[in-house]
There are 2 protein chains.
Amino acid sequence: MTAPELTAAVTATYDIWMRTVDLTGPALAAHNLTQATFQALWVIDPDEPPPSMKVMAERLHCNAPNLTFMANQLVDRGLVERSVDPADRRSRVLVLTPKGRQVRAEVVEAALAGTPLAALSPSELRQLVALLNRALSPA
Amino acid sequence: MTAPELTAAVTATYDIWMRTVDLTGPALAAHNLTQATFQALWVIDPDEPPPSMKVMAERLHCNAPNLTFMANQLVDRGLVERSVDPADRRSRVLVLTPKGRQVRAEVVEAALAGTPLAALSPSELRQLVALLNRALSPA
DNA sequence: GCACGATACTTCGAGTCTCGAAACATCAGT
DNA sequence: ACTGATGTTTCGAGACTCGAAGTATCGTGC
């Protein structure tokens, strides 16, 4: 059979994530966002070039039609705008509006405040991030 | 603003979880299970007393009607059986059938084999579990 | 013992999310 | 220009979620 440590690690990861989501719920509702639209907003970093649909789909682990759906939600709420990528006119990038930047900052803040991981010290967090990144990109 | 380590930790946790889910997908499809029913099956430990609906709802972070829905899916697939708790006849517990035990073992195995966390060594996993559990129950 | 509110679960119905298949627009190579 | 490949959207059906109302059982106070 498989190592019990691995089972425990997966279970704990799941639990951390679910609790983070749960505790962020009220803050999302205040901005008329759902879990899905929040995730979509989260992965649009205002300090980086606006991501295309394809990039968004990879980051969110969802397929193209679903992403179109979520992008529409964000556009409807006035948080992002669709824009044609001049380098490839097939591609549409999502640009945060000023309101989008502000709302994103607020809900991200709420998520970080609520997550159980906030209980860890900075050095513990560094350890954790190091371990998780090692798992994500096995050297 | 908030510590960037915390942001990175939450992001990494999310990513680990989503990848685990993604990679388990094919194994689930083979058993005609969805993500939601897989989670439900996961939290029924065959070595512990069968959980009530209420306990299941807490473990899965979902509400009662939703749980009834998922329980029905598992019952329809012949993986669990509803049984009345003799100690409290209001309560229904979910008991794994022999087929349920077998299918659960298979899909759990698939999830553990696919998760990025499988790339970590036993001692790294212990570290990780220690950190996550500290976050979950800040003593 | 029997009302009473509380608890565990289900049913119902409406809404949200997901996703395969097909359509559309644009690109890149020839 | 033609052709196949790529990025996105549309369409439609299905899966999932959840509030409100309903049923069954429990536990307490009288």
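Per chain, numbering begins at 1; letters A, B, ... match sequence-line order.
When the P atom of D/dC26 is taken as reference, atom CG of B/D88 falls 6 Å away, rounded to whole Å. The interatomic distance linking A/D76 (CG) with C/dC17 (C1') rounds to 15 Å, in whole Å. Atom-to-atom, CE of A/M53 to P of C/dC24 comes out at 19 Å; the value is rounded to the nearest Å. As rounded to whole Å, 6 Å separates atom P of C/dT10 from atom CZ of B/R92. Across the protein-nucleic acid pair, B/F69 atom CZ and D/dG19 atom P stand 16 Å apart, rounded to whole Å.
Looking at B/T37 and B/L41, their side chains never come closer than 4.5 Å, going by heavy atoms from C-beta outward.
Under a 3.5 Å cut-off, the side chain of A/R104 and the backbone N or O of A/I44 do form a donor-acceptor pair. Side-chain N or O atoms of A/R92 include none that pairs as donor or acceptor with a backbone N or O of A/S83 at under 3.5 Å.
Of the residues in residues 54-67 of chain A, A/K54, A/A64, A/P65 come within less than 4.0 Å of DNA chain D through at least one heavy atom, sorted by number. Listed by residue number, the members of residues 26-40 of chain A with any heavy atom below 4.0 angstrom from DNA chain D form an empty set.
Other residues, nucleotides and ligands contribute only 12 or fewer heavy atoms inside 6.0 Å of the CD atom of B/E81. The number of heavy atoms from other shown groups lying within 6.0 Å of CD (B/E124) is above 12.
Judged by distance alone, with hydrogens and angles left aside, A/R90 brings no side-chain donor or acceptor close enough to the base of D/dT8 to form a pair under 3.5 Å.
Between A/R89 and B/S91, the residue anchored closer to the 5' end of DNA chain C is B/S91, taking for each the nucleotide with the nearest heavy atom. Checking A/D85 against B/A71, the closest nucleotide of DNA chain C that is more toward the 5' end is the one next to B/A71. Nucleotides of DNA chain D nearest to A/R82 and B/P86 differ in position, and the one nearer the 5' end is that of A/R82.
Judged by distance alone, the side chains of A/R77 and A/N72 never bring a donor and an acceptor atom under 3.5 Å apart.
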**side-chain contact (heavy atoms from CB on, under 4.5 Å) evaluation trace for B/F69 with B/N66** = CA-CA 5 Å; B/F69 173 79; B/N66 193 5; 4.2 Å; yes

**Request:** Start with the C-alpha gap between B/D15 and B/R19, add the side-chain angles, then the distance that decides, and say whether salt bridge (Lys or Arg N to Asp or Glu O under 4.0 Å) holds.
**Result:** CA-CA 6 Å; B/D15 221 37; B/R19 287 196 199 210; 3.2 Å; yes

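Base engagement by B/T68 is indicated by at least one non-hydrogen atom pair under 4.0 Å involving a base atom.
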